[in-house]
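Computation of the quantities below employed the complete heavy-atom set of this structure, encompassing side-chain atoms and omitting hydrogens, waters and symmetry-equivalent molecules. Each residue takes its place number in the sequence, starting with 1.
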Amino acid sequence: MIRYAIWALALITLAACKKKSSTEAPGPGTPPPAVTGKPFTTSKGAVAGNPTTAVINAAGGNLHTPGSDISVSVPAGAVTGNQTFSIQAVSNTLRPDKPLTAFRLLPEGVNFQQPVTVTLRYDDFDLTDGAEEMLMLAWQDNNGTWHPLPTTLNKTNHTVSANVTHFCDIAFYEQFELFAAKTRVKAGEELQFRLGVQEISVNQDSLLAPLQHRIDDNGFGRAVASNYSMLHDKYAARATGWKVSSGPGEITVQKNPFNLDGNAVYKAPATVNTITNAEVEVTLEGLLGLKDPAAPNGTRKPEKLVLRKKFEVEPTGNATFMKIEVDYEQVAIHAPQEPMYAVWDDGEVAVFETGAPNSVNCKLVLTKPLAGSWPCGAVAGNATEASVELHFDATRFALSRYCKKTGGVSTEQYSTGKLTITKVGNAGEPIEGVFEGKVYQSISPTECAFQVFHLKVTFRFLRFA
């Protein structure tokens with residue numbers, strides 16, 4: 001009966017994407033929260049890439065994107081005849097502050113006779129550590145308003161699923177998150193942390209935009225703001241156990257505007273010899289339960305939620321280094337006593353290379369170099385583009401370019417990763433930056449087949465020219 005009721009709620013919620021939701025008032029006995037907002041509305045996401053399509057008939061069938069980032073399971077009887085289904089990747093306007101993809105499910109305007117199951121796969125490394133416990137799906141109606149869905153979490157398969165009877169744009173979000181003002185801090189500097197929550201209506205049928213005390217208020221300093229509110233007791237009774245769980249430094253807890261221990265300031269040590277990983281941890285207790293058809297009594301409500309945020313502490317001055325992380329694990333730090341120099345020709349090319357042939361090392365090349373964020377490309381012509389080589393040893397390497405075969409014809413493709421140059425000094429002064437994205441190691445001499453790695457390279461070189 002409970003499962004039926006929750007299933008029915010999902011059907012009602014998605015029966016018409018064109019309806020505009022309203023904000024409910026708290027029911028009797030509900031503690032009055034700090035001022036909450038109106039339904040959270042954004043623009044529609046921009047199309048990214050080509051859609052994945054399939055024709056499915058009354059017998060049912062399945063559709064998934066390459067890599068199975070999202071899959072759609074259509075049961076028998078959901079449609080009465082041949083129907084073209086499509087999955088289109090779009091930019092994520094629900095979480096513009098994170099490099100996550102949303103999806104547009106088509107056809108619009110078709111109501112299914114049986115619920116269709118939509119499953120999104122998530123990567124732990126895209127989330128705040130610990131936040132998957134309260135990971136949820138949301139859909140966007142034609143007015144741009146986002147609505148949470150009763151969501152089934154499968155931590156083993158790293159998926160979240162929901163039943164729908166009408167297609168719209170869909171994405172996942174973390175109900176709670178630990179925000180850091182920056183991902184890197186220098187020795188002796190401070191770094192702010194804030195606990196945030198995605199506000200929802202009392203009946204959990206609409207996400208809300210906070211009217212006060214947004215997570216990015218008061219000069220928090222993040223480049224892209226989010227919709228999250230600072231934590232208050234409508235969602236968690238307390239925040240406790242703040243600590244530096246890994247790495248150097250110390251933490252000082254602060255009250256947030258809702259009088260919870262929801263903010264903290266990290267202080268890096270005065271001296272750091274090389275770039276160093278660090279992590280801050282905090283525990284939430286007394287959590288608001290979220291709708292999950294597979295959870296006991298249809299409500300997912302862990303006793304506590306432990307959130308951790310990783311960041312980097314780097315040396316001050318002109319100390320040079322290159323830190324290499326593969327699939328989110330640190331594999332090498334090159335920080336020789338003698339400084340590493342990079343050629344930086346403002347008109348032609350910049351080259352960053354460790355010169356460490358007997359260990360994991362990396363070479364980054366940027367044509368037409370400038371400070372900014374640049375895509376991977378052919379490193380030829382007038383475009384400012386990056387090329388990346390990750391060397392595991394003398395014979396194994398992965399590149400930021402790969403091939404794709406369509407209709408028997410191979411074409412060169414490039415990683416969607418970006419090389420960001422954050423600082424460029426004069427001759428003898430630092431050049432700082434980071435590359436993050438996918439690189440590809442060929443596993444076949446004749447076919448377009450690759451092993452894919454997620455690479456992050458953080459570096460500081462001195463400018464040679």
Side-chain angles (χ1 to χ4, degrees), residues 48-49 65-69 89 98-101 121-126 158 183-184 275 277 310 312 321-334 340 342 349-369 372-381 383-406 410-422 431-461:
T65 57
S68 298
D69 289 332
K98 280 200 165 188
L100 301 173
T101 301
R121 183 174 59 84
Y122 63 87
D123 192 327
D124 283 343
F125 304 108
D126 290 331
H158 292 79
T183 59
R184 298 166 66 186
I275 190 166
N277 294 329
K310 295 179 173 64
E312 295 173 336
F321 57 84
M322 177 179 275
K323 176 184 174 184
I324 303 172
E325 298 169 83
V326 177
D327 289 341
Y328 305 95
E329 295 290 336
Q330 179 181 306
V331 296
I333 289 185
H334 300 288
M340 297 187 293
V349 68
V351 181
F352 307 93
E353 188 170 14
T354 62
N358 296 320
S359 62
V360 178
N361 65 89
C362 197
K363 179 180 181 180
L364 300 99
V365 178
L366 181 64
T367 56
K368 308 296 179 184
S373 187
W374 309 108
C376 295
V379 293
T384 300
E385 294 178 326
S387 173
V388 181
E389 300 176 12
L390 170 65
H391 291 265
F392 297 101
D393 51 39
T395 59
R396 290 196 311 131
F397 58 90
L399 305 174
S400 56
R401 68 177 184 272
Y402 62 102
C403 70
K404 182 178 181 181
K405 185 172 288 188
T406 304
S410 295
T411 57
E412 196 163 70
Q413 306 289 315
Y414 300 97
S415 168
T416 57
K418 292 184 182 298
L419 175 60
T420 300
I421 304 296
T422 56
I431 303 173
E432 300 178 1
V434 61
F435 170 83
E436 186 162 11
K438 294 177 180 178
V439 291
Y440 304 82
Q441 179 187 358
S442 177
I443 57 175
S444 171
T446 58
E447 299 295 327
C448 291
F450 301 90
Q451 184 173 358
V452 182
F453 302 92
H454 183 276
L455 173 66
K456 182 178 180 182
V457 182
T458 309
F459 60 88
R460 180 195 290 159
F461 283 70

Flag the pair Val434 / Lys456 as yes when at least one side-chain heavy-atom distance between them is below 4.5 Å, and no otherwise.
yes
If I take atom NZ from residue Lys363 and atom CG from residue Leu390, how far apart are they, to the nearest 0.5 angstrom?
14.0 Å
Would you say Met340 and Arg460 make side-chain contact, with heavy atoms under 4.5 Å?
no
Is there a donor-acceptor pair closer than 3.5 Å between any side-chain N or O of Asn277 and the backbone N or O of Glu312?
no
Arg184 atom CZ, over 12 foreign heavy atoms within 6.0 Å:
yes
One should read off an interatomic distance between Glu436 CD and Glu325 CD, to the nearest 0.5 angstrom, of 8.0 Å
Less than 4.5 Å apart, side chain to side chain, heavy atoms only: is that true for Cys362 and Leu455?
yes
Side chains of Val452 and Tyr402: does their closest heavy-atom pair fall under 4.5 Å?
no
Does Thr416 use its side chain to pair, donor to acceptor, with the backbone of Lys438 at less than 3.5 Å?
no
For the residue pair Ile324 and Val326, establish whether any side-chain heavy-atom pair is separated by less than 4.5 Å.
yes
From Glu389 CD over to Asn361 CG, what is the distance, rounded to the nearest 0.5 angstrom?
9.5 Å
Do Met322 and Thr458 have side chains that get closer than 4.5 Å, going by heavy atoms?
no
Nearest heavy-atom contact between Gln451 and Ile443 is N-CG2, 4.0 Å
Rounded distance (nearest 0.5 Å) linking atom CZ of Phe450 with atom NZ of Lys404
12.0 Å
Is there a side-chain contact between Tyr328 and Asp126 in this structure, where contact means two heavy atoms from C-beta onward sitting under 4.5 Å apart?
yes
Locate the shortest heavy-atom distance separating Gln441 from Phe397; write the atom from each residue and the value.
CG-O, 3.3 Å
So which atom in Lys418 and which in Pro375 form the shortest heavy-atom distance, rounded to 0.1 Å?
NZ-CB, 4.3 Å
Which heavy atom in Leu419 sits nearest to a heavy atom in Ala386, and how many Å separate them?
CB-CB, 3.8 Å
Distance in Å, Phe435 CZ paired with Ser373 OG, rounded so as to fall on 0.5 Å steps
10.5 Å
How about Gln413 and Thr411: do any of their side-chain heavy atoms sit closer than 4.5 Å?
yes
Using modelled atom types only, decide if a donor and an acceptor are shared between the side chain of Glu385 and the backbone of Ala378 within a distance under 3.5 Å.
yes
To the nearest 0.5 Å, what is the distance between CZ (Arg401) and SG (Cys376)?
11.0 Å
Treating Thr384 as the side-chain partner and Lys368 as the backbone partner, does any N or O pair qualify as donor plus acceptor under 3.5 Å?
yes
Residues Ile333 and Ile275: closest non-hydrogen pair is CD1-O, 3.4 Å
Counting only N and O atoms by type, is there a donor-acceptor contact under 3.5 Å from the side chain of Ser400 to the main-chain atoms of Ser415?
no
Tightest non-hydrogen contact, residues His334 and Val360, listed as NE2-O, 2.7 Å
Give me the ring orientation class for Phe461 and Phe352: parallel if the planes are under 30° apart, tilted from 30 to 60°, perpendicular past 60°.
perpendicular
